Visitor: 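Below is a structure I'd like to ask you about.
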Number of protein chains: 2
Amino acid sequence: MKNKEKHVNVRDVQDVLDLIGGRWKSAILASLCDKEKRFNELKRDLGTITPKILIKELKFLEMNKLIHKADSLAVSSFQIYHLTAHGRSLEPLIVSIVMWGKKHREMLNYS
Amino acid sequence: MKNKEKHVNVRDVQDVLDLIGGRWKSAILASLCDKEKRFNELKRDLGTITPKILIKELKFLEMNKLIHKADSLAVSSFQIYHLTAHGRSLEPLIVSIVMWGKKHREMLNYS
DNA sequence: AATACCACTATCTTTTAGGATACTATAATG
DNA sequence: CATTATAGTATCCTAAAAGATAGTGGTATT
């Protein structure tokens, strides 16, 4: 593997981490993997997040085409957040992360 | 899925992101997936990282048992960084991240 | 013996992320 | 009609992450 190719990999990794990294982004995505949700529903799921941070992260994820905000069909005038097709393509990755996390915690318990 | 279980997932995701998130951590791990490396070798691979940041991240990863620093067997008095068994268990995840990153970039190019 | 490379350390500054807290306009509910 | 819930906004603040730059002590090379 040449040096140039390695740099590309580094960039690939960093690009993805920009999208799903940080304290909340992949938690939000994980929560939306389960089902589409409204703002306050997400807020409750995430526990300690403040509205300012949540809206900021949602806008970021929306800008990056991973989620989409739409009018709820069920109750008019309610907004609902859901994953886009592109966002759903991240689901296996999120699942892998959650699974590795569980394994990691087990390992720490047994060592 | 009950609310409690969801919070656990959120924590799982956040735990893993603490380990591999941020600008450099998974880039370093990705680079070490390829092969074990010395400090300056890593520095070159990562391009723009400063020594202060690199050593900080290496120490963090070492503390979390994902990498290990050892005396090089080849050249005495040289230090070499390599993944631990636990760190290697992250490799499929890193590979998935890199692959999704490539796909993501392609998608952005075609839209 | 001089130079260059290796693996850091130290200091200072900027940038960013994230949190605390309070507030608001609209809609729904009892 | 009063209360509660929804979906945010606005302002201020702190801590942590990251970068720029310089320096150091040891080793290897020529």
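Since the structure is predicted, the reported quantities are computational estimates derived from the model, not experimental observations. Numbered from 1 within each chain, the chains take letters A, B, ... in sequence-line order.
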Visitor: How close or far is atom P of C:dG18 from atom CG of B:Asp18, stated in whole angstroms?
Guide: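 For the pair B:Asp18 CG and C:dG18 P, the rounded distance is 11 Å.
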Visitor: When you compare the side chain of B:Asp71 with that of B:Gln79, does any pair of heavy atoms fall below 4.5 Å?
Guide: yes
Visitor: Could you check whether any side-chain heavy atom of B:Glu62 comes within less than 4.5 Å of a side-chain heavy atom of B:Leu58, counting everything from C-beta outward?
Guide: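 The answer is no; the side chains never approach within 4.5 Å.
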Visitor: Consider the side chain of B:Ile55, meaning its heavy atoms from C-beta on, and name the nucleotide among D:dG8, C:dC8, D:dT6 that approaches it most closely.
Guide: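 In terms of side-chain proximity for B:Ile55, the closest of D:dG8, C:dC8, D:dT6 is C:dC8.
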Visitor: Whole angstrom is fine here: how far is it from CZ in B:Phe39 over to P in D:dT27?
Guide: 18 Å
Visitor: Just N and O in the side chain of A:Asn40: are any of them under 4.0 Å from OP1 or OP2 of D:dA5?
Guide: no
Visitor: Rounded off to whole Å, could you give me the CG-to-P distance for the B:Leu42 and C:dC6 pair?
Guide: 13 Å
Visitor: In whole angstroms, how far is the P atom of C:dC5 from the CZ atom of B:Arg44?
Guide: 10 Å
Visitor: Starting at NZ of A:Lys43 and ending at C1' of D:dA5, how long is that distance when rounded to a whole Å?
Guide: 12 Å
Visitor: Are the side chains of A:Phe60 and A:Leu66 in contact, using a 4.5 Å heavy-atom criterion?
Guide: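 The answer is no; the side chains never approach within 4.5 Å.
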Visitor: Does the side chain of B:Tyr81 get closer than 4.0 angstrom to OP1 or OP2 of C:dC6 through an N or O atom?
Guide: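 Checking B:Tyr81 against C:dC6: no side-chain N or O falls below 4.0 Å of OP1 or OP2.
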Visitor: For A:Leu61 versus A:Lys25, what's the shortest heavy-atom pair and its separation?
Guide: CD1-O, 4.2 Å
Visitor: To the nearest Å, how far apart are A:Leu46 CG and C:dG18 C1'?
Guide: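 Checked: the CG to C1' distance equals 14 Å.
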Visitor: Are side-chain heavy atoms of A:Leu17 and B:Ile97 found at a separation under 4.5 Å?
Guide: yes
Visitor: Do nucleotides 14-22 of chain D as a string where each nucleotide becomes B, S or -: B if the base has a protein heavy atom under 4.0 Å, S if just the sugar-phosphate does, - if no protein is that close.
Guide: ----BBB--
Visitor: Tell me if the CE atom of B:Met99 is crowded by more than 12 foreign heavy atoms within 6.0 Å.
Guide: no
Visitor: Expressed as a whole number of angstroms, how long is the span from B:Leu17:CG to C:dA17:P?
Guide: 14 Å
Visitor: Could you note down all residue pairs passing ring-ring contact (aromatic ring centres under 6.0 Å, His included) where residues 88-109 of chain A supplies at least one of them, sequence neighbours left out?
Guide: A:Trp100-A:His104, A:Trp100-B:His86, A:His104-B:His86
Visitor: How many Å lie between CZ on A:Arg38 and C1' on D:dA5, as a whole number?
Guide: 10 Å
